[in-house]
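As structure tokens, the structure follows; a few thoughts come after it.
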Amino acid sequence: MLSPMDKEAVIEALEEIAVLLELKGENPFKTRAYVNAGRTLERWEGDLKRWVAEERLGEIKGFGEALQQKVSELVSTGKLGYLEDLRASVPAGLIEMLDLPGLGPKKIKALNKELEIVTVEALEEACQAGKVASLSGFGAKTQQKILDGIEFRRRYASHHRVDKALALAETFLDRLRSHPDVIRCSIAGSLRRHKEVIGDVDFLVSAKESAAIIAFFTEQAEVESIIAAGETKSSVIVAGGIQADLRVVSDREFPFALAYFTGSKEHNIVMRQRAIQRGLRLNEYGLFRSTEETRDAELLEECATEEEIFAKLELPYIPPELREDHGEFESAEANDLPRLIEWTELRGSLHNHSNWSDGRQTLEEIIAHCQDLGCDYWAVTDHSKSSFQANGLDAVRLRKQIKTIESLNNGLESEGAAFRLFTGSEVDILSEGTLDFDNELLSELEVVVASVHQGFTQSEAQLTKRFIAAAENPFVHMLGHLSGRLLLEREPYAVNQKAVIDACAETGTWIELNASPYRFDLDWRLWRYAKKKGVRCVINCDAHRAEHAGFLRLGAGIARKGWLSKDDVVNTQSQDSLRKALALKRASQGS
DNA sequence: GCCGTTTTCGGCCCGACTGTTTTCAGTCG
């Protein structure tokens, strides 16, 4: 007997249908109907099984007869005949080809029909044999582009971690700013929206004359190859394999182009629709008083900034991080957008390592660096004994570290310094759900983070139970990197994150937003849920070396994306009020 | 495949660039 499908599995099935339909060359609007249905379900919070049983799916916008039938079948039987037929009719290799630049559904379909190609390997062979160039609609350049794409995919993943993308972006942005013809310039795209991983880096520039800027951009030393260089638009690949796109517009167009190229695509669609509803037309060049296609300056609504565009569409300013069509329009209309946290409001990090375990710096070096940065406090939470791979501390070494930190703090106090190092531990949650230290030792620490570092191949039920058990321990202040994912490297643990969040809400346990660009864990998509449940966030560097203190800024970007305000984040508090909160957490749960 | 106070058909966001054509289709964002 097949088990009935949950919401996530249904969403995956709908997305798969959309991809397969696209490859079959179906009506693109039919394809979009499946994409939209998946997106709607992602944000929908009802009980899917119940709605299917009560035959209420039709009440959800975008669910017509066909989708109601398919989702009902999926939910009640765990499978879908329509999808199985589709899968059988489209070779898996064709889906893979969609990732290659220059290949879309039409060209893939032609390759399949004319040359009977069904795998990427066969495609590569056909290109090398020169067979692809002779197909109608293809040519030598297309063939070479496909070969380059296959080679590129081997060398690099198509996505990049934010720290890498940001380093590139800031270097290029500085240079663009210094160019005499540049009037305004900005990062756009997913990097401006603070996504957790970046596909490419988008730059937008306003200038009176574009050719010189395009040339300047493509001539940068880091540029490895030029994909495109037109009048107003250029794409390059820089060292390390990141694609960077530049658009040059007039200064009058700048705010419209900035809004457009910041996206997301889904957010832009709603913005355009709002324009149409008001008898206007919005594109990257302007907001026009005509629904006809036009760039007529006479019909232009002048806007000097993005704020003014939102105002013309009767909205308050929506910060880039929220532009995902994840409820920002509803919230903006109700004038209920949160005032998002600023990274400068963070006063320190509560999960970090020293050279006592697997960190690089000594306690003294950490103090000096954090004081330089202007932090009010910093917790040293080295690994516990079971993390022997990370040189975890046993009880004897930990007690010795506590004494050492106390002595360093006494030194700071006698100097009249306000900064303090907090004692702590990142204590392992063991496979049975118990902690690596007993409560007596934990009670001697100022900050306790509980994390999973072993046994993460357990079942979802087991892992979830372990986290909940840790949250229920009164000496645990917060849970560390809950999903355990390593971006672009390792999938999350099988853990029911919402169930753990619920348990944290019950027990008053905080949850870490691990600000390492390798993790960004919890995911930003879960913070609104946590916030609604009253669970507080701690933005932690998980620093293993001095420069990781800079992760606070990246973590704040993800927190903003999760709709968090200063008051939702524990480590925006002063040292005194944080001490009280740390103590209160234990007192309230102990009683 | 969905939708509708202009409702059962016809539209669904829209423009730039490339490569292949000889005026435009496909891809991309």
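First the proteins, then the strands, lettered A, B, ... as listed; each starts at 1.
- Of the candidates B:dG15, B:dA16, B:dG29, B:dG15 carries the atom nearest the A:Asn283 side chain, counting heavy atoms from C-beta on.
- Looking only at distances, a side-chain donor or acceptor of A:Thr218 sits under 3.5 Å from a matching main-chain atom of A:Ala215.
- In this structure, A:Leu191 places its CG atom 16 Å from P of B:dG29, rounding to the nearest Å.
- Taking the six-membered ring for Trp and the full ring otherwise, the centers of A:Phe203 and A:Phe261 sit at least 6.0 Å from each other.
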Base contacts versus sugar-phosphate-only contacts with protein, heavy atoms under 4.0 Å: please encode nucleotides 20-26 of chain B as B, S and - from 5' to 3'. S-----S

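- Here the separation of B:dT20 from B:dA25, taken at their P atoms, is 16 Å to the nearest Å.
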Evaluate side chain to side chain contact (heavy atoms under 4.5 Å, CB included) for A:Ile309 paired with A:Lys312, printing each intermediate quantity in order. CA-CA 5 Å; A:Ile309 303 172; A:Lys312 293 271 204 254; 5.8 Å; no

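- Using a 4.0 Å heavy-atom criterion, one finds that A:Ala110 contacts no nucleic acid atom at all.
- If you check B:dA16, B:dC17, B:dC13 against the side chain of A:Tyr285, the one that comes closest is B:dA16.
- B:dC13 sits 26 Å from B:dT18 when the P atoms are compared, rounded to a whole Å.
- Not a single donor-acceptor pair under 3.5 Å links the side chain of A:Ser483 to the backbone N or O of A:Pro492.
- Judged by distance alone, the side chain of A:Lys561 and the main-chain N or O of A:Arg193 form a donor-acceptor pair under 3.5 Å.
- Among the atoms of the strands shown, none is found under 4.0 Å from any heavy atom of A:Pro28.
- Heavy-atom nearest nucleotides on DNA chain B were determined for A:Gly230 and for A:Ile108, and the one closer to the 5' end corresponds to A:Gly230.
- When both distances must be under 3.5 Å, the Watson-Crick or G-U wobble mate of B:dT8 does not exist.
- Contact annotation for A:Glu231: backbone-only contact, meaning every heavy-atom pair under 4.0 Å involves sugar-phosphate atoms and none involves a base.
- Remark: the separation of the C1' atoms in B:dT8 and B:dG15 is 32 Å, to the nearest Å.
- As judged by a 4.0 angstrom heavy-atom cut-off over every strand, A:Leu282 is placed among residues making no nucleic acid contact.
- If you measure from atom CD of A:Glu266 to atom P of B:dC13, you get 12 Å, rounded to the nearest angstrom.
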For residues 104-113 of chain A, tabulate all N or O donor-acceptor pairs below 3.5 Å that involve a side-chain atom, not counting sequence neighbours.
{"residue": "A:Asn112", "atom": "ND2", "partner": "A:Ile117", "partner atom": "O", "Å": "2.9"}

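- Between the side chain of A:Arg289 and the backbone N or O of A:Gly279 there is no donor-acceptor pair closer than 3.5 Å.
- Taking atom P on both B:dG26 and B:dT21, the two are 12 Å apart, rounded to the nearest angstrom.
- Going from the P atom of B:dC28 to that of B:dT23 covers 25 Å, rounded to whole Å.
- Atom CD1 of A:Ile214 and atom C1' of B:dC17 are 12 Å apart (whole Å).
- Using a distance-only test at 3.5 Å, with no hydrogens or angles considered, no donor-acceptor pair links the side chain of A:Glu55 to the main chain of A:Trp51.
- With A:Ser89 contributing its side chain and A:Leu86 its backbone, the two residues share a donor-acceptor pair below 3.5 Å.
- If you measure from atom CD1 of A:Ile269 to atom P of B:dG11, you get 19 Å, rounded to the nearest angstrom.
- The separation between A:Phe256 atom CZ and B:dC13 atom C1' is 17 Å, rounded to whole Å.
- Side-chain nitrogen and oxygen atoms of A:Arg272 include none within less than 4.0 Å of the OP1 or OP2 phosphate oxygen of B:dC12.
- A:Ser264 places a side-chain N or O within donor-acceptor distance of the main-chain N or O of A:Arg323, the cut-off being under 3.5 Å.
- Separating the CG atom of A:Asp245 from the C1' atom of B:dC28 is a distance of 9 Å, rounded to the nearest angstrom.
- Distance check on atom C1': B:dC2 versus B:dT7 gives 13 Å, rounded to whole Å.
- The nearest whole Å value for the distance from the NZ atom in A:Lys265 to the P atom in B:dT27 is 14 Å.
- The CG atom of A:Asn268 sits 10 Å away from the C1' atom of B:dG29 (whole-angstrom rounding).
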For nucleotides 1-7 of chain B, which of its nitrogen or oxygen atoms have a protein nitrogen or oxygen under 3.5 Å away, and what is each distance?
{"residue": "B:dG1", "atom": "OP1", "partner": "A:Tyr34", "partner atom": "OH", "Å": "3.2"}
{"residue": "B:dG1", "atom": "OP1", "partner": "A:Lys70", "partner atom": "NZ", "Å": "3.3"}
{"residue": "B:dG1", "atom": "OP2", "partner": "A:Lys30", "partner atom": "NZ", "Å": "3.3"}
{"residue": "B:dG1", "atom": "O6", "partner": "A:Asn27", "partner atom": "ND2", "Å": "2.7"}
{"residue": "B:dC2", "atom": "OP1", "partner": "A:Gly64", "partner atom": "N", "Å": "2.7"}
{"residue": "B:dC2", "atom": "OP1", "partner": "A:Gly64", "partner atom": "O", "Å": "3.3"}
{"residue": "B:dC2", "atom": "OP1", "partner": "A:Leu67", "partner atom": "N", "Å": "3.2"}
{"residue": "B:dC3", "atom": "OP1", "partner": "A:Gly62", "partner atom": "N", "Å": "2.6"}

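- A donor-acceptor distance shorter than 3.5 angstrom exists from the side chain of A:Ser76 to the backbone of A:Ser72, with no hydrogens or angles considered.
- A sub-4.0 Å separation between OP1 or OP2 of B:dC14 and a side-chain N or O of A:Arg281 is present.
- The gap from the P atom of B:dG1 to that of B:dT6 amounts to 28 Å, rounded to the nearest Å.
- Of the side-chain N and O atoms in A:Ser264, none sit less than 4.0 angstrom from OP1 or OP2 of B:dG29.
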